[in-house]
Amino acid sequence: MLEKEYFAQKIEKKWLDIWEEKKPYKTDDDSKKPKYYALSMFPYPSGKLHMGHVRNYTLTDVVARFKRAQGYNVLHPMGWDSFGLPAENAAIQHGANPKTWTLDNINYMKKQLKMLGLSVDWDREVTTCLPDYYKWTQWLFLQLYKKGLAYKKTAPVNWCENCATVLANEQVIDGKCWRCNSEVTKKNLSQWFLKITQYSDELLKDLDLLKGWGENVKTMQANWIGKSTGAILKFKVKELDNVEIPVYTTRADTVYGVTYLVVAPEYKDIELLTTDENKKAVEEYRNNAKKLSEIERLSTERVKTGVPLGTHIINPFTGRICPVWVADYALVDYGTGAVMAVPYHDERDFEFAKKYKLPMTQVIDGEGFKEGSCYIEKGHLVNSDKFSGMDATKARDAITQYAKDNGFGEFKTQYRLRDWLISRQRYWGAPIPIVYCPNCGEVAVEDKDLPVLLPEDVDFTQKGVSPIETSKTFRETICPKCGAKALRDTDTMDTFMCSSWYYMRYSDAKNDKECFNKDLVNKWLPVDQYIGGIEHAILHLLYSRFFTKALRDCGLLDFDEPFNNLLTQGMVLKDGSKMSKSKGNTVDPDEIYQNYGADTARLFILSDSPPARDFDWTDAGVEGCYKFVNRVYRLFEKFQNKINLNYNLEICNLNKKDEDFTRSVHIAIKKITYDIEHEFQFNTVISAYRELTNSIYEYVKDENAINYKVLSFALLTLLKLISPVLVFLSEEIYSSFNTTESIHNTPWPKFDEKLAKTSSITLIVQVNGKIKDKIEAEADLSNDELEKIAKESIKVKEAIMDKTIVKVIVVPNKLVNIVVK
RNA sequence: GCCGAUGUGGCGAAAUUGGUAGACGCACCAGACUCAAAAUCUGGCGUGGUUCACCCCACGUGCCGGUUCGACUCCGGCCAUCGGCACCA
């Protein structure tokens with residue numbers, strides 16, 4: 001029996017206890033059903049759940065439950081992205097232990113997640129900061145190392161003074177640290193990198209395979225990879241035998257217009273290229289460049305500066321002698337670090353040449369060309385010897401080919417993507433499993449010695465050193481190769497390493513012999529639906545795609561892309577701006593659970609906007625959803641004794657009212673199923689819930705005219721349709737019919753195509769495209785009949801009275817348009 | 001500058017293929033129930049005009065133009081907002 005009134009807390013508590021005990025959402029690896037992998041981006045255990053989490057996990061949960069009802073074997077796991085700076089900062093600021101701090105947070109948030117009613121298989125929970133997980137992160141690092149995909153090199157790297165660590169390129173946003181927003185500087189350090197650039201082309205090309213990803217994310221990744229095709233051209237230095245300067249250019253067609261060359265201040269041969277007279281000025285210029293921050297240097301508004309080195313190059317095409325300059329508009333880490341300057345056809349070179357009164361030669365002509373101003377269009381060549389008159393695009397290839405044939409050039413594809421810097425000078429991460437031996441050099445830790453455990457005897461407060469270096473027990477070890485005294489690497493790995501493979505681990509989460517079983521990972525992956533925030537469009541999603549390809553090449557798995565479909569949810573806003581503690585506009589999920597229950601929270605977070613768009617949280621909106629939940633409850637409470645569970649219903653022998661009502665139920669099944677399957681449009685799903693509920697209320701208005709078989713069918717269908725969203729309420733109501741089975745194990749309702757439409761239609765009658773009349777008519781009439789009905793309309797007759805009919809257009813079941821003159 | 005997304009009532013939004021623009025909800029207004037309030041139920045709700053009123057007429061999906069019997073939807077050209085990339089040669 002249902003209680004008289006709806007008490008969310010009581011019902012939800014009851015079912016949470018039952019689910020905890022019975023584990024109804026445990027995934028069976030051996031099921032014969034087709035698999036479906038529904039995945040949410042796992043949370044960082046920051047302390048408490050926020051509404052963004054609620055939105056993310058509700059979305060994935062509803063998808064998981066819907067697919068389960070459709071007969072899929074669903075994997076819906078959850079875990080914790082639990083290494084990272086906030087834990088360590090808590091340790092520094094409040095003297096907490098990062099491990100305790102993290103595990104306490106996980107404990108609390110896990111409880112909150114469970115209260116949301118997620119159908120997660122908690123037996124597959126992964127926690128990246130625990131040794132049973134990071135052992136395998138370390139092992140995977142070593143696989144990449146052995147494959148030559150992880151290497152150590154000294155390079156100018158991004159350094160955040162505030163976080164006291166280096167950062168990957170992807171973690172520098174507009175010259176600032178992604179985490180603390182302070183300015184990033186360059187430091188020359190020896191660091192570990194992963195060779196993501198080896199996959200540049202595949203990462204770009206395979207974006208085309210990702211039909212289930214939004215254009216926005218794919219474009220961001222394509223921009224980030226930044227492919228450009230061009231050529232390397234080599235210029236001999238006049239003053240120095242055996243020295244050449246190679247440049248990268250996408251406009252080889254303009255090579256006859258080169259009037260000078262520019263090298264970056266950090267260019268490797270710059271000292272060689274500087275003559276004694278220019279030494280002082282060049283040194284001064286380079287020192288100034290060093291002082292500039294990334295932000296200043298990258299500003300496009302800055303006036304271009306530079307100084308000549310004193311040496312010259314010989315243009316192999318023209319024989320022309322051109323000076324070499326140093327200027328910071330050339331970037332050391334793109335192309336070759338040197339640029340051939342063609343002032344007439346490049347805006348930057350033009351500006352620079354004008355300022356320093358360097359010569360210009362026009363070599364391209366075409367539409368819109370104006371004497372004395374920069375022309376960057378691709379027209380045809382002039383002043384270019386035998387290439388004159390040629391189309392610029394063709395000339396680009398012809399000139400490169402000529403350079404190649406004569407040994408001073410080649411075709412070259414250039415990417416903007418850089419290798420992924422993964423070392424961090426911080427404590428709370430997976431230690432890099434490498435040992436430095438005085439005899440053998442860099443040596444990998446052996447598999448049997450994994451994991452390399454994080455030391456506990458560390459001091460977080462010492463400035464200028466990584467906390468791990470303060471451990472007395474960690475550093476010293478013996479070389480796995482020769483047994484000599486050796487030192488461990490004291491850096492840890494970027495947390496994005498941990499999150500690049502967690503979704504694979506879920507396929508075999510408890511395996512202590514392997515990172516995952518190959519058959520299981522191949523069975524469950526790729527992920528069928530991945531849901532999470534847009535902020536990972538480049539970082540996590542690009543790294544994970546790279547990891548998948550790299551692990552494939554290590555022989556660990558057999559697929560090319562990890563995530564077939566990606567839904568990037570919008571932000572949760574309140575009063576028009578993102579919820580944040582500093583703005584004081586946050587809403588605490590615990591409070592919502594307490595006041596309205598998790599079902600109402602789930603309903604509301606899905607109701608007002610489609611998932612990809614931002615969602616505006618309003619108190620009135622929650623209130624409205626709570627009213628709906630109560631409205632549904634009252635309906636079942638009132639008719640609970642009249643419901644017949646066997647609702648297989650024949651349409652024949654029904655009167656008009658019952659038939660139309662039955663049709664509206666079929667229409668609802670059809671619409672809801674379609675809207676979930678297409679783009680997860682839960683906002684319209686929920687409006688269909690409301691429409692069906694409204695029509696049930698309409699149907700039961702006249703209590704003497706209720707056919708209880710028909711009503712049972714409608715109510716039970718409604719109950720099943722709302723069950724993926726209102727998980728507790730539907731279970732409570734269903735169990736009140738003395739069923740032993742959970743509603744969440746019952747199949748999704750089917751609709752009858754013949755019944756999923758109305759028996760009568762509103763025929764729209766237009767004259768010359770303007771609506772003149774609306775006529776109720778039987779459905780499925782022939783075109784002739786519809787035309788006849790339309791012409792009988794008095795309003796139509798008036799409108800066409802003194803005119804001739806040119807033609808009549810009939811759209812079956814919809815409209816008739818009479819065209820007159 | 002290049003690339004991508006978005007633009008519809010007071011608000012969130014809807015409109016499978018070109019075929020009733022504004023479903024569903026929030027807010028608001030009016031009414032029923034009540035001694036009263038809450039809850040609940042019923043009705044109204046794009047703009048302007050006309051009418052005592054139901055009716056009716058015109059306009060209306062960022063702007064301008066086009067295709068079509070018919071355009072939120074297709075095409076061309078703009079504008080605005082948000083996001084990504086960018087002295088990348």
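Only a predicted model underlies this, so the values are computations on that prediction, with no experimental measurement involved.
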Exercise. Less than 3.5 Å between a donor and an acceptor, one on the side chain of A:Lys807 and one on the base of B:C69, is that the case here?
Worked result: no
For this session: Determine whether any donor atom in the side chain of A:Asn223 lies under 3.5 Å from an acceptor atom in the base of B:C85, or the reverse, and answer yes or no.
Result: no
Problem set entry | Donor-acceptor contact below 3.5 Å, side chain A:Ser782 vs main chain A:Glu785 | yes
Exercise. When you check the phosphate oxygens OP1 and OP2 of B:C69, does a side-chain N or O of A:Lys772 lie under 4.0 Å from one of them?
Worked result: no
For this session: Identify whether the distance between the nearest side-chain nitrogen and carboxylate oxygen of A:Arg418 and A:Glu170 falls below 4.0 Å.
Result: no
Problem set entry | Nearest-Å distance once atom P is located in both B:C75 and B:G19 | 15 Å
Problem set entry | A:Gln221 side chain vs A:Lys218 backbone, donor-acceptor pair below 3.5 Å | no
For this session: Please determine, by modelled atom types, if A:Arg613 and A:Asn683 share a side-chain donor-acceptor pair under 3.5 angstrom.
Result: no
For this session: Using the C1' atoms only, state how far B:A71 lies from B:C33, rounded to an integer number of Å.
Result: 48 Å
Exercise. Looking at A:Tyr334, does the NZ or CZ of A:Arg416 lie under 6.0 angstrom from its six-membered ring centre and within 45 degrees of the ring axis?
Worked result: no
Problem set entry | Sugar-phosphate, base or nothing in reach of A:Asn694, heavy atoms under 4.0 Å | sugar-phosphate
Problem set entry | Protein proximity profile, nucleotides 6-11 of chain B - base contact B, sugar-phosphate-only contact S, no contact -, cut-off 4.0 Å on heavy atoms | ------
Problem set entry | Donor + acceptor pair across side chains of A:Ser607, A:Tyr689 (<3.5 Å) | no
For this session: Decide whether A:Tyr285 and A:Thr305 meet the rule of one side-chain donor and one side-chain acceptor closer than 3.5 Å.
Result: yes
Problem set entry | Salt-bridge criterion met for A:Lys671 and A:Asp675 (N-O under 4.0 Å) | yes
For this session: Please work out which of the three classes, parallel, tilted or perpendicular, describes the rings of A:Trp420 and A:Tyr543, given edges at 30° and 60°.
Result: parallel
For this session: Map every base of RNA chain B to its dot-bracket character, where paired means a Watson-Crick or G-U wobble contact with both distances under 3.5 Å and | marks a partner outside the strand.
Result: (((((((..(((......[....))).(((((.......))))).((((......))))..(((((..]....))))))))))))....
Write down the protein N/O and nucleotide N/O pairs, taken from nucleotides 42-49 of chain B, whose separation is under 3.5 Å; answer none if there are no such pairs.
none

For this session: Check every strand shown and say whether A:Ile764 touches a base, only sugar-phosphate, or nothing at a heavy-atom separation below 4.0 Å.
Result: base
For this session: Measure distances between side-chain N and O atoms of A:Gln766 and base N and O atoms of B:G19, and say whether any donor-acceptor pair falls under 3.5 Å.
Result: yes
Exercise. Does A:Arg631 make a cation-pi contact with A:Tyr697, if we ask for NZ or CZ under 6.0 Å from the ring centre and within 45° of the axis?
Worked result: yes
Exercise. Quick one: is A:Lys795 getting a side-chain N or O under 4.0 Å of the B:C56 phosphate, OP1 or OP2?
Worked result: yes
For this session: Using only side-chain N and O atoms of A:Asn813, determine if any of them is under 4.0 Å from OP1 or OP2 of B:G19.
Result: no
Problem set entry | Whole-Å distance separating the CZ atom of A:Arg690 from the P atom of B:G12 | 17 Å
For this session: Anything under 30° is parallel, anything over 60° is perpendicular, the rest tilted; go ahead and classify A:Phe604 against A:Phe615.
Result: perpendicular
For this session: Take atom CD1 of A:Ile667 and atom C1' of B:C24, then tell me their distance rounded to the nearest Å.
Result: 16 Å
Problem set entry | Any A:Asn683 side-chain N or O less than 4.0 Å from OP1/OP2 of B:A14 | yes
Problem set entry | Under-4.0 Å salt bridge between A:Lys378 and A:Asp253 | no
